[in-house]
Amino acid sequence: MQISSRFTVALHIFTCVDTFKEEHKVTSDFLAASINTNPVIIRKILTQLKNAGLINVIRGTGGIELTRDLKDITFYDVYQAIEPLEDGDLFRFHESPNPECPVGRNIHSLLDDKLKNIQEAMESEMKKYTLNDLRFGMQELLEKEA
């Protein structure tokens with residue numbers, strides 16, 4: 001299991017929007033240059049973030065605006081927007097284990113609760129961090145560079 005890079009790209013997008021909002025129109029081309037990827041990929045992620053109600057995208061050179069304060073957007077909110085879970089489950093279970101096999105017959109009983117607990121722990125940790133944490137972290141890093 002691996003969360004795709006779209007999640008960290010989305011966090012990068014939010015950090016750019018916040019860092020450069022006063023100096024630049026933050027567009028998909030601007031973001032693509034910072035992230036070093038194709039603007040089409042950025043636009044797909046922006047669409048996901050917009051559909052989740054986290055941003056508004058102003059067509060053309062209008063840029064991006066947040067719909068909520070950074071302190072009100074958690075990593076979990078971004079994760080849900082970018083990595084939608086099939087049936088709400090992080091772990092996809094293999095289909096139809098053999099009921100004639102003692103392991104196949106019991107594997108769900110053995111793993112279901114454990115996997116659910118792992119998912120809940122990860123989601124709980126993601127809810128502890130907000131985009132405001134990125135703002136303060138970026139400010140600290142930029143001050144050290146100055």
Problem set entry | Worked verdict on T130 versus D72 for side-chain contact (heavy atoms from CB on, under 4.5 Å) | CA-CA 7 Å; T130 70; D72 297 325; over 6 Å; no
Exercise. What pair of heavy atoms forms the shortest contact from S34 to H12, and how long is it?
Worked result: OG-NE2, 2.7 Å
For this session: Would you please classify the geometry between the F20 ring and the F30 ring as parallel, tilted or perpendicular, with 30° and 60° separating the classes?
Result: perpendicular
Exercise. Does F136 share a hydrophobic cluster with L70, counting links as ILVMFWY side-chain heavy atoms below 4.5 Å and allowing steps through other members?
Worked result: no
Exercise. In Å, rounded to the nearest 0.5 Å, how long is the span from CG of D133 to NZ of K71?
Worked result: 12.5 Å
For this session: Go through N56 and T67 one step at a time and tell me if the side-chain contact (heavy atoms from CB on, under 4.5 Å) criterion holds.
Result: CA-CA 7 Å; N56 285 321; T67 60; 3.7 Å; yes
For this session: Determine, for R6 against E83, whether the closest basic-nitrogen to carboxylate-oxygen distance falls under 4.0 angstrom.
Result: yes
Exercise. Any idea which heavy atoms bring H108 and P97 closest together, and the distance?
Worked result: CD2-CG, 4.2 Å
Problem set entry | Test item: I42 and N38 side chains (from C-beta on) under 4.5 Å apart, heavy atoms | no
Exercise. Is there a side-chain contact between S5 and T8 (heavy atoms, below 4.5 Å)?
Worked result: yes
For this session: Decide side-chain contact (heavy atoms from CB on, under 4.5 Å) for L131 and L66; before the verdict, give the C-alpha distance in whole Å, the side-chain angles of both, and the deciding distance to 0.1 Å.
Result: CA-CA 11 Å; L131 298 182; L66 305 181; 5.7 Å; no
Exercise. Between R43 and D29, is any pair of side-chain heavy atoms under 4.5 Å apart?
Worked result: yes
Exercise. Quick one: does K114's side chain have a donor or acceptor within less than 3.5 Å of a partner on L110's backbone?
Worked result: yes
Problem set entry | I45 side chain near I82 side chain, heavy-atom distance below 4.5 Å | yes
Problem set entry | Pairwise distance CZ(F14) to CG(L54) - rounded to 0.5 angstrom | 5.0 Å
For this session: Give a yes or no on whether M138 and L31 share a hydrophobic cluster (residues Ile, Leu, Val, Met, Phe, Trp, Tyr; joining criterion: side-chain heavy atoms under 4.5 Å apart).
Result: no
Exercise. More than 12 heavy atoms of other residues, nucleotides or ligands under 6.0 Å from CG of N36: is that the case?
Worked result: no
Problem set entry | Note: K21-D18 ion pair, threshold 4.0 Å (strictly below) | yes
Problem set entry | Nearest-0.5 Å distance that lies between atom CG in D112 and atom CZ in F93 | 5.5 Å
Seminar exercise, completed: Interatomic distance, CG@L46 vs CD1@I41, rounded to 0.5 Å, equals 12.0 Å
Exercise. Can you find a pair of side-chain heavy atoms, one from F75 and one from K127, that are under 4.5 Å apart?
Worked result: no
Exercise. Do I55 and E65 come close enough that some side-chain heavy atom pair is under 4.5 Å?
Worked result: no
Exercise. Is a side-chain donor-acceptor pair under 3.5 Å present for E123 with Q119?
Worked result: yes
Exercise. Taking atom CG of L90 and atom NZ of K116, what is their separation to the nearest 0.5 Å?
Worked result: 10.0 Å
Exercise. Closest heavy-atom contact between V26 and C16?
Worked result: CG2-O, 4.2 Å
Problem set entry | N/O donor-acceptor pair under 3.5 Å between S124 side chain and E120 backbone | no
Problem set entry | Atom OH of Y129 with >12 non-hydrogen neighbours under 6.0 angstrom | no
For this session: Kindly assign one of parallel, tilted or perpendicular to the pair Y79 and Y76, based on the angle between their ring planes and the thresholds 30° and 60°.
Result: tilted
For this session: Quick one: pull up SG in C101 and CD1 in I107 and give me the separation to the nearest 0.5 Å.
Result: 9.0 Å
Exercise. Heavy atoms, side chains only, cut-off 4.5 Å: are R68 and D77 in contact?
Worked result: yes
For this session: Report the C-alpha separation of I64 and I58 in whole Å, then their side-chain angles, then the decisive distance to 0.1 Å, and conclude whether the side-chain contact (heavy atoms from CB on, under 4.5 Å) test is met.
Result: CA-CA 6 Å; I64 299 158; I58 302 155; over 6 Å; no
For this session: Could you state whether L85 and F7 fall into the same hydrophobic cluster, counting links through intermediate Ile, Leu, Val, Met, Phe, Trp or Tyr residues with side-chain heavy atoms under 4.5 angstrom apart?
Result: yes
